Amino acid sequence: MCYTIVMKLSKTYEPSLFESDIYELWQDMQAFAPTGKGEPYSIVLPPPNANGNLHVGHALMVPLQDILIRYHRMNGRDTCWFPGSDHAGFETWVVFERKLEAEGKSRFDFSREELYQMTWDFVQEQKGNMESQLRRLGASVNWQEMTFTLDQKVVDRVYKTFKKMWDDGLIYRGKRIVNYCTTHQTSFADIEVEHAEEKGKLWEIKYLGADFKGEIIVATTRPETMLGDEAIAVHPKDKKFAKLVGKHVYIPILGKKIPIIADEAVELGFGTGAVKVTPAHDPVDFEIGQRHSLPITEVIGNDGRMINVPAAFLGLEVKFAREKVVERLRTGGSLGAVKDFDHQVPHCYKCGSVIEPLAREQWFVAVKKLADPAKKAIKEGKIQFTPKQKGGELERYFEELRDWNISRQIPWGIPIPAFQNLDTGEWIFDERVDQEYIEIDGQEYKRDNDTFDTWFSSGQWPIILTEALPKFYPTSVMETGFDILRPWVSRMIMFGLYVNKEIPFKEVYLHGLVLDEHGQKMSKSKGNVVNPMEVVDEFGSDALRLGLVAARSAGLSQAFSPDKVVAGRNFCNKLWNIARFIETHEKHLEELTTADHWVLSKLQQSTAEIDRLIKDYRFAEAVETVYHFVWDEVADWYVEAAKQGSAVADIVLESVLKIVHPFAPFVTEAIWTTLHDDDSLLMLQQWNRGYQFDRKKAQEFEEVKELVGAARLVVAKLKGRRAMVYSDNRVISENEAVIKNLAGLEAVMPFEKPAGIRIAGNFRAYIEAKPAEISAYKADLEQKLIEAGNLAENLKKRLDNDSYRQNAPKHLVDETRQKLAEAETLSASLAKELENI
RNA sequence: GGUUCCAUAGCUCAGUUGGCUAGAGCGCAGCAUUCACAUUGCUGAGGUCGUAGGUUCGAGCCCUACUGGAACCACCA
């Protein structure tokens, strides 16, 4: 396509005509690859789900990172943005299993290998969507490094790390209480469990003394677990029960004899002071059981049905078992009071079913040795967080982190390379996970069928991606959502320090959720989900990027604003038309005009401003700075002035394109290609450097702007076109045509004794007017005189204050003095004018 | 129960060492228009910066308490 022709014809910028071609052009020119020159700058993209579509959160994340990458690339850094896609273990598994169910099949009809292959094929069908959507958002990622979280190099690294941890004694297999979803039949890390308040009941149960007279009453929210009770616990200092410790009670229904023990975990003064201990089905009880060497009797199975219980309860789902137990207790006279009780119940974050704490053999990571150095690194400020308090939050998390269960009972993931000796029960590390049984020295070993928790592999993401390009480790910044600070960012820091002996990134920038336009969380059920690709279709990628990044600060969940997207679209169009004017109408002069000096000074200033804002990750303010520079200064003043001619129009246009490029890459590159016949790319240009201009001339244009503004105010109140007359003045005479055009005047001319309505400011300039109009203007002048007087009075008060003069910084005091002088001059000249009317 | 964040114009939000008369986008009102752009231009209305105290010459910003909203954490049976 010949862009130059489109440029001349099309009054509006049509993103759809350019965006895909521009992206292809970048790719063809290999513009995303590192140059090998300059200081490294790298980011790893938090890998989106390979199986999914990008959502509006990605549409925020991609521009934020792309702004940083493009900015630093233009500033001469050797940039590499590592893309990836995530197998999203559990997430994808849930979708796939739902599909199986819809086809009337079950995971138990297939072997692990078959399931893995089927899921792989399923993901392959979808794969590619996500990648093409990244392209549509303009992501300048280095596609050569594209990595899928199940790629061989990922598995290799994960096994290496696992082995190292195994050798270092950081991996142990143990029976622990795990969070178990009986619907998905897999366990979860603590962090994957959602707590929700539920209205429940608190049942009191009477346990009859076996070797003492009387009974002990305990309260529970889960009466069915009494079938697995192994003790009654009381607080060691509880006088009420002191004599009973060491004695025994009978479990109602079962008649089983269990001991009364003393343990600190029981809270003094709460409830009846005694609790039932079910080591197999409650984390606290499990710990109590460990301390007192209690047996573990499991009464709930993987499928959420009762096991190891009398026939009447066997195979019942938990909730029915509960009803039946309560019924039997009641008829047996063992039920005490029943109260309503609201409490927090753990739920599966995916299907919402109640999480059963079950005692299971799983692989655990002893986290302390990983968490301590991570905490230290943050404490010592080796990693900077934006917003700042998130670093503190992570420090506290590292302090409280408990051992991490990394076993998942789903086939879609990286198999855990561990085998168990069938005779001795001993576990060994071995990578031959494609075989269910292996033989070593005549001994047979069976594979562990579990896979790794996704965070175990994704936690090593920066390590894996930079393994072949080590100069990009540590990466420059980790930009991601605040919701995965704990599960992901924390793990990357721990693994980075453990494996590479160095932090994985120097800075962390966290963005919040994109809420709907009324500040509500987006969800399918509410029907308020914004599909970013639809927005791109309608307004263009640049518009979406600008709209999302504007009005958004670090770490906060904020509303999606369609108005801002429209504003972004309009901005692109404005830029397009600035270019159209400069390319097709501009009059070239040899010498710089006042406006030229001024616009160069503004370019310098805006560039410095953007440098500062990007350094501080203040994206929204950077967008705003760009927006106002282009619209309010370049379009509204410079372009208007340039209609009378300019010597720097081409420099200004190119510089503007550079400034805008990181934020709106497509439209700026589209314009750039219309300017250049060669195959140069805007995205590979050098960022703006300094400009040559005359500071005094630049200041003169500020005066012209003020004069125009003041003239507009006067003209707006009069009918018909008017002329400006002024007493001889170089600044005005040099800019007559500019002033005439900008203020919409009929003429601007010098007069020996100019008269009419005086234009505010330091010039002796007037708008021609009839005597009646001049008198009508009197009220305005009087109002202005009052305002100037008030201002002067305020300033004077401040200066009269001794403490102000002593304590305020000197430049402020000087400034105040100057303002006062100006206000007084204005007052005097207004007063004089009023006299003349 | 603990921690953190938020409260500024009709709506969505800026406002970072405390410093002139608190800003933007959209919306609203008026005017303009054969001009690069109606995805436009100009002009304007609209705010006791949640409440009450405090620190300071000076507070939207710092401190304390309160009110209202949100998020996260948590084994209180």
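When reading the values below, keep in mind they use all heavy atoms of this one structure, side chains included, and skip hydrogens, waters and symmetry mates. Residue numbering restarts at 1 for every chain, and letters A, B, ... go by the order of the sequence lines. Nothing here was measured: the structure is a model prediction, and the numbers come from that model.
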Looking only at B:C75, B:U39, B:C73, the nucleotide nearest the A:E400 side chain is B:C73

Using Watson-Crick geometry (N1-N3 plus N6-O4 or O6-N4) or G-U wobble (N1-O2, O6-N3), each under 3.5 Å, B:U67 is paired with B:A7

Which of B:G25, B:U40, B:A14 is nearest the side chain of A:W631? It is B:U40

**Request:** Report yes or no: do A:T225 and A:K276 form a side-chain donor-acceptor pair below 3.5 Å?
**Result:** yes

Considering only heavy side-chain atoms of A:E393, the closest of B:C72, B:A36, B:A24 is B:C72

Of the candidates B:C75, B:U43, B:C37, the side chain of A:R402 sits closest to B:C75

Practice problem: In whole angstrom, give me the gap between the P atoms of B:U55 and B:C63. | Solution: 15 Å

**Asked** Does a side-chain N or O from A:N807 land closer than 4.0 Å to OP1 or OP2 of B:C57, or not?
**Response** yes

In Watson-Crick or G-U wobble terms, with both distances under 3.5 Å, the base opposite B:U40 is B:A32

Quiz item: A:R569 side-chain donor-acceptor pair to B:U39 base, under 3.5 Å
yes

Side-chain donor/acceptor of A:E586 to base of B:A36, under 3.5 Å
no

Which of B:U40, B:C72, B:A77 is nearest the side chain of A:K574? It is B:U40

Is a donor-acceptor contact shorter than 3.5 angstrom present between the side chain of A:E640 and the base of B:A36? yes

Review point. With rounding to whole Å, what would you report as the distance between B:C61 and B:G19 at their P atoms?
Key: 11 Å

Re B:G23: Watson-Crick or G-U wobble partner, both distances kept under 3.5 Å, found to be B:C13

Out of B:C5, B:G19, B:C72, minimum distance to the side chain of A:L556 belongs to B:C5

